[in-house]
Amino acid sequence: MPELPEVETVCRGLSATLSGRVLARVDQHRPDLRFPLPDNFARRLTGRRVESVGRRAKYILIRLDDGQVLLIHLGMAGRMVVTPPDRAAGFAPATHDHVVFRADDGSVVAFNDARRFGMMDLVAEADLPRHRLLAGLGPEPLGNEFHDAYLSARLAGRRTPIKAALLDQTVVAGLGNIYVSEALFGAGISPRRLAASVAGRRAERLVPAIREVLSAAIAAGGSSLRDYVQTDGELGYFQHAWAVYDRAGEPCRDCRCDVETTGGVHRIVQSGRSTFYCPAKQR
DNA sequence: ACACGCTCCTGAACGC
DNA sequence: TGCGTTCAGGAGCGTG
């Protein structure tokens with residue numbers, strides 16, 4: 001269930017494991033994930049040195065020494081399961097380990113994705129900006145290009161709920177269902193409000209609210225990075241003390257209002273997905 | 001350009 | 001115990 005903070009943490013873990021290492025062996029166990037894997041996928045990766053591991057939106061970018069970039073999206077259930085060298089002897093792929101990377105120090109990284117909503121591609125660095133999966137992405141929410149003037153401009157004229165607009169990766173790249181609910185709570189904005197009406201003061205509140213929610217989750221992920229690398233790659237959401245997400249009927253975080261009369265956190269469905277919010281605090 | 005619904009797939013959590 | 005149903009999630013794609 002990875003959104004930007006989870007992907008960022010995965011990247012950091014992968015960087016610690018793979019940066020500078022040579023991919024000694026790559027095993028591909030099926031021809032496709034959500035899309036077909038590239039031709040000669042395993043062969044093109046084998047023997048390549050990993051130069052760096054980066055991120056764009058929810059995509060992992062693994063740069064290789066021949067100018068190729070391995071592009072990975074974890075979809076909804078994808079995980080990168082790291083097995084360190086001292087435990088890698090006799091490694092056997094688990095169910096749904098679709099691609100297994102072995103580094104020259106003995107580390108094993110398995111891409112496990114039961115639902116196969118994940119994606120991988122292998123592209124030349126020069127073609128990255130034009131790649132069909134990356135070309136339309138909006139700015140990074142933690143970057144300088146994301147500010148209230150930009151957001152107001154992008155939301156102007158849009159007659160869809162702000163919840164849906166923030167899930168649109170061309171508006172801002174990296175938010176998912178959970179952090180959108182959390183950010184709107186932080187900004188005191190109702191998820192039902194039309195996107196076009198989020199301007200001025202509200203946009204000024206929303207941008208920092210998004211940044212704070214993501215930054216806090218990344219910080220929480222950083223603290224669990226050691227576990228992530230050393231154990232089984234289990235990687236749920238870090239911030240399980242959510243303010244509103246998955247808390248229907250409970251008081252929102254720090255809520256002073258009476259649950260008996262307000263009903264607490266409300267759950268509604270927008271665009272077929274759950275949204276959680278506190279009507280007393282979000283307008 | 002924008003809005004919306006459908007779809008991919010599986011495991012977990014339910015109800016009977 | 002076992003079966004069936006529902007739900008969760010990201011985002012590309014087709015249609016209006």
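In the text below, chain A, chain B and the rest are named by the order of the sequence lines, each starting its count at 1. Nothing here was measured: the structure is a model prediction, and the numbers come from that model.
Per the geometry, CZ belonging to A/Phe276 stands 12 Å off P belonging to C/dC7, to the nearest Å. The separation between A/Ile268 atom CD1 and C/dC7 atom P is 16 Å, rounded to whole Å. Here the P atom of nucleotide C/dA11 and the CZ atom of A/Phe35 are 11 Å apart, to the nearest Å.
In the region residues 113-129 of chain A, proximity to DNA chain B at under 4.0 angstrom, judged on heavy atoms, holds for A/Ala114, A/Arg115, A/Arg116, A/Phe117.
Protein chain A contacts DNA chain B from B/dA3 to B/dG11, reading 5' to 3' and using non-hydrogen atoms of the protein with a distance under 4.0 Å.
Taking a cutoff of 4.0 Å between a charged side-chain nitrogen and a carboxylate oxygen, A/Asp168 and A/Arg154 do not qualify as a salt bridge. The pair A/Glu51-A/Arg63 does not count as a salt bridge, with every side-chain nitrogen at least 4.0 angstrom from each carboxylate oxygen.
Figure legend: cation-pi geometry between A/Arg132 and A/Phe35, with NZ or CZ positioned under 6.0 Å from the six-membered ring centre and within 45° of its axis.
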Trace of the salt bridge (Lys or Arg N to Asp or Glu O under 4.0 Å) decision for A/Arg116 with A/Asp113: CA-CA 5 Å; A/Arg116 296 208 308 276; A/Asp113 183 10; over 6 Å; no

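Distances shown here put every side-chain N or O of A/Arg132 at or beyond 4.0 Å from the OP1 or OP2 atom of C/dA11.
Using cut-offs of 30° and 60° for the angle between ring planes, the A/His73 and A/Tyr59 rings count as perpendicular.
No hydrogens or angles considered: a donor-acceptor pair under 3.5 Å links the side chains of A/Arg44 and A/Gln68.
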